[in-house]
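Structure record follows, encoded as structure tokens.
As the structure is a computational prediction, the values presented were derived from the model and not from experiment. Throughout, protein chains are lettered first and strands after them, A, B, ... in sequence-line order, and every chain is numbered starting at 1. All heavy atoms count here, side chains included; hydrogens, waters and symmetry mates do not.
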2 protein chains.
Amino acid sequence: MVATRPYADALARLRATKLRPTRQRLALAKLLFSGADRHVTAESLHKEARANRVRVSLATIYNTLHQFTRAGMLREVIVDSTRSYFDTNTSHHHHFFCEQSQLLEDIPSGAVSVGTLPPPPRGTSISRIDVVIRVHPR
Amino acid sequence: MVATRPYADALARLRATKLRPTRQRLALAKLLFSGADRHVTAESLHKEARANRVRVSLATIYNTLHQFTRAGMLREVIVDSTRSYFDTNTSHHHHFFCEQSQLLEDIPSGAVSVGTLPPPPRGTSISRIDVVIRVHPR
DNA sequence: CAATAGTTTAGAATCGTTCAAGAGAAAAAA
DNA sequence: TTTTTTCTCTTGAACGATTCTAAACTATTG
Ligand SMILES: [Mn+2]
Ligand SMILES: [Mn+2]
Ligand SMILES: [Zn+2]
Ligand SMILES: [Zn+2]
């Protein structure tokens, strides 16, 4: 049985922000948060919306992805210098990234331990540590 | 005293590849490898070339960065989903990346230890592990 | 309901990067 | 050296992902 809770949570958070629960946002939230955690690009989500007869412009897809990210419902993952990926799993974790399939796979935070860190550059503090393990078909 | 060896090494490697030592490639190699290790973007290198009265088209900058990368003289660093960075330090190491200044800073490989790794996705093997520590001005 | 503020949309614009084709330069052959 | 071949460089167009614009639309408020 697939989690339906995350979607309810997402709706609650939608309400908690100043974002109006519009037809488009609700439909996209449903697609994004009704099942297991996932990684999407603007284009992949747009395709999926169309496949589910949800009519949304690409501009709205971008707007929504950024708004959900600001609201803490999504997190951006940087693994490709030409495309942005968004992750429904906002907890601290890392990724496998297959350069060939362009697919991301989660690595639970506990499965990677980053040891002794050098101090960050003068005047800065750490906002986040990303570990990306690039893989290729054997 | 700034290292002049890396430049000589780069020239040697240029020769070792099938890349002809053209005026443009020599000039760019000199800019890239005459001093300490550094991180450049196509645009930043283009600006630097112009500032040094090296006339090179942007297309050649891109071609050269990719050719040097294929030749193992540079390595691409992925920290930004809109721009490509190239690193003259091709040894295994990690990075601090300041989202504000868009500047990279090296972290010696030894300064970070990545612990227990989960097995890569079925049918794939690890090609590289990247640790990016994002920082922001305090 | 009317007024207001926020949202969506199509299409144009932008930006980094790549492509295409012809002119130019280096290497190999003669 | 000259000729021929191969590779390289350049300009400008093309591209793909993303953002912007301004007008139409919708949710919220009073
Ligand atoms: Mn973005
Ligand atoms: Mn590239
Ligand atoms: Zn993830
Ligand atoms: Zn580096």
Length of the line joining B/Leu65:CG and D/dC9:P, which is rounded to integer Å: 12 Å

Stepwise side-chain contact (heavy atoms from CB on, under 4.5 Å) check, B/Leu58 with B/Glu43: CA-CA 8 Å; B/Leu58 189 53; B/Glu43 199 52 56; 4.1 Å; yes

Base versus backbone protein contacts along nucleotides 25-30 of chain D [heavy-atom cut-off under 4.0 Å; B, S, -]: --BS--

Which atom of B/Thr60 lies closest to which atom of B/Gln24, heavy atoms considered: CG2-CB, 4.2 Å

Separation of atom CD1 in B/Ile78 from atom C1' in C/dT17, rounded to whole Å: 14 Å

Those residues of residues 49-60 of chain B lying under 4.0 Å from DNA chain D by at least one heavy atom: B/Arg55, B/Val56, B/Ser57, B/Ala59, B/Thr60

Value in whole Å for how far the P atom of D/dC9 lies from CD of B/Gln24: 5 Å

Plane angle bin for A/His66 and A/Phe86 - parallel if under 30°, tilted between 30 and 60°, otherwise perpendicular: perpendicular

Electrostatic pair B/Glu76:B/Arg70 at N-O distance under 4.0 angstrom: no

Residue A/Leu19, side-chain atoms from C-beta onward, closest of C/dT7, D/dT18, D/dT8: C/dT7

Pairs satisfying salt bridge (charged side-chain N to carboxylate O under 4.0 Å, His left out), at least one member in residues 123-138 of chain B, at least two apart: A/Asp130-B/Arg134, A/Arg134-B/Asp130, B/Arg75-B/Asp130, B/Glu99-B/Arg134, B/Arg128-B/Asp130

Atom-pair distance (CD on A/Gln67; P on C/dT8), nearest Å: 7 Å

Length of the CG-P vector between A/Asn63 and C/dT7, whole Å: 10 Å

Between C1' of C/dT7 and NZ of A/Lys18, the distance in whole Å: 17 Å

Under 4.0 angstrom between B/Arg83 side-chain N/O and C/dT17 OP1 or OP2: no

Proximal nucleotide (of C/dG16, D/dA17, C/dT18) relative to the B/His66 side chain: C/dT18

Nearest-nucleotide comparison on DNA chain D, the residue closer to the 5′ end among B/Thr64 and B/Thr82: B/Thr64

Derivation and outcome, side-chain contact (heavy atoms from CB on, under 4.5 Å), residues A/Leu104 and A/Phe96: CA-CA 6 Å; A/Leu104 280 168; A/Phe96 283 117; over 6 Å; no

Side-chain N or O of A/Ser84 closer than 4.0 Å to phosphate OP1/OP2 of D/dT18: yes

Protein-nucleotide distance (A/Ile61, atom CD1; D/dT19, atom C1'), rounded to Å: 15 Å

Any donor-acceptor pair under 3.5 Å from A/Asp87 side chain to A/Asn89 backbone: yes

Residue pair A/His95, A/Tyr85: steps toward the ring pair (Phe, Tyr, Trp, His ring centres under 6.0 Å) verdict: CA-CA 12 Å; A/His95 295 93; A/Tyr85 285 79; 9.3 Å; no

Integer-rounded Å distance: C/dA26 P and B/Arg15 CZ: 15 Å

Phosphate contact (C/dT17 OP1 or OP2) by B/Tyr62 side-chain N/O below 4.0 Å: yes

Heavy-atom closest contact (B/Pro118 atom, A/Val112 atom, distance): CD-CG2, 4.5 Å

